[in-house]
Amino acid sequence: MARAEIKSLHDTFFTPGRTDRALRLLYSQLPYHPQRIWAGACFIAELSEPLDIASSQPEPVPLASSPTLDSLTVSGRLNTPLSSATSRPGDPVTATITRPVVDAQHHLLISEGGILEGVVTRAKPARRLGRNGELRFAFRGLADEAGTTHVDGNVTGAAGAKAENLTIDEEGNVKANPDKGKLLAPLLLAYTAALGHDDDGGIGQTVVGSNGFGLVARFIALTNDKGIATGFGLYALGKSVYFRYLDRGHQVTFPRDTEVEVQLVSRTASEAASAESH
């Protein structure tokens, strides 16, 4: 963890975009700061009217004569917002395909704009004592220009999953992971709070003892008041223990327009009916 912190600090000040990252670091240490959209932020906008683009029409891509969708991975955006807190098994899910899929001969297998149709198969809300939520949804049909095809489609990736600390397994189950440092962070905060109460530590240990409560607490601790430093340290410790062990865990949430990757396996109509009956 120490190596990761050192590398993160180095990257903050010595790689491109360091001004924005330095400001983010500063803002994270302040109890109040202005709202800001950072450089490089991605966003999705819905147009209020059609966009007229004057361009030459490309040559149409020929359709594959006998397409197979086995083991294909497609990208799409969810049309349905999902959450382990509110979704229920059986709720419908749709996603719009954002990139066409072609075979080795550059024949079109799946066109952009096709619709993946599926359902939520598992939803487990987050609970108290730090128990995180779980969610699973799968796609059973693909509707595009060629008609409707029965498929098996499991989610294999989602935008923001790493940032949200989510894990997606091979069967498409999505789980919120435990907080990083769930055990180590409270222990370190307890240790630093104890340092702040040490009569022989001087101002250095007083400042360290206030650690975990941001930049403001460290400035206040420069007064060398051990009671204040210990109070800040104990507050940070209590907050860490509450949110990691006592409060409700993290929900699994996919907002509308979340980009997902889905692995498809083609099925016949009879196979689909048999699977649904089981």
Asker: Only one of V119, V260, V155, V120 forms a side-chain contact (heavy atoms from CB on, under 4.5 Å) with V93, so which one is it?
Answerer: V120
Asker: Roughly how far apart are N79 CG and R256 CZ, rounded to 0.5 Å?
Answerer: 6.0 Å
Asker: Applying the side-chain contact (heavy atoms from CB on, under 4.5 Å) test to V74, which of I110, T98, V151, L142 qualifies?
Answerer: I110
Asker: Which heavy atom of H250 sits nearest to which heavy atom of N132, and what is that distance?
Answerer: N-OD1, 2.7 Å
Asker: Using a strict threshold of under 4.0 Å (side-chain N to carboxylate O), is an ion pair present between K175 and D169?
Answerer: no
Asker: Can you name the closest pair of heavy atoms from A138 and N154 and give their distance?
Answerer: CB-OD1, 3.9 Å
Asker: Does any non-hydrogen side-chain atom of F137 lie less than 4.5 Å from one of L82?
Answerer: yes
Asker: With side-chain contact (heavy atoms from CB on, under 4.5 Å) as the test, would you mind laying out the steps for D20 and R36 before giving the verdict?
Answerer: CA-CA 10 Å; D20 274 357; R36 178 167 178 165; 3.3 Å; yes
Asker: For R99, is there an ion pair with E261 - N to carboxylate O distance below 4.0 angstrom?
Answerer: no
Asker: Give a yes or no answer on whether the side chain of S84 reaches the backbone of V252 with a donor-acceptor pair at less than 3.5 Å.
Answerer: yes
Asker: Would you say I37 has more than 12 foreign heavy atoms packed within less than 6.0 Å of its CD1?
Answerer: no
Asker: Is there side-chain contact between E134 and N173, with at least one heavy-atom pair below 4.5 Å?
Answerer: no
Asker: Examine distances only and state if a side-chain atom of R77 and a backbone atom of D257 form a donor-acceptor pair shorter than 3.5 Å.
Answerer: yes
Asker: Treating Ile, Leu, Val, Met, Phe, Trp and Tyr as nodes and any side-chain heavy-atom pair under 4.5 angstrom as an edge, say whether I115 and F139 lie in one connected cluster.
Answerer: no
Asker: Just one of T253, L135, V174 clears the side-chain contact (heavy atoms from CB on, under 4.5 Å) bar with L166, so which one?
Answerer: V174
Asker: Within a reach of under 6.0 Å around CZ of R128, are more than 12 heavy atoms found that belong to other residues, nucleotides or ligands?
Answerer: yes
Asker: Locate the shortest heavy-atom distance separating P100 from L108; write the atom from each residue and the value.
Answerer: CB-CD1, 3.9 Å
Asker: Keeping Q251 on the side-chain end and A126 on the backbone end, is there a donor-acceptor pair under 3.5 Å?
Answerer: yes
Asker: Nearest 0.5 angstrom please: S87 OG to R122 CZ, how far?
Answerer: 13.5 Å
Asker: Do the side-chain N and O atoms of T94 and E117 include a donor-acceptor pair separated by under 3.5 angstrom?
Answerer: no
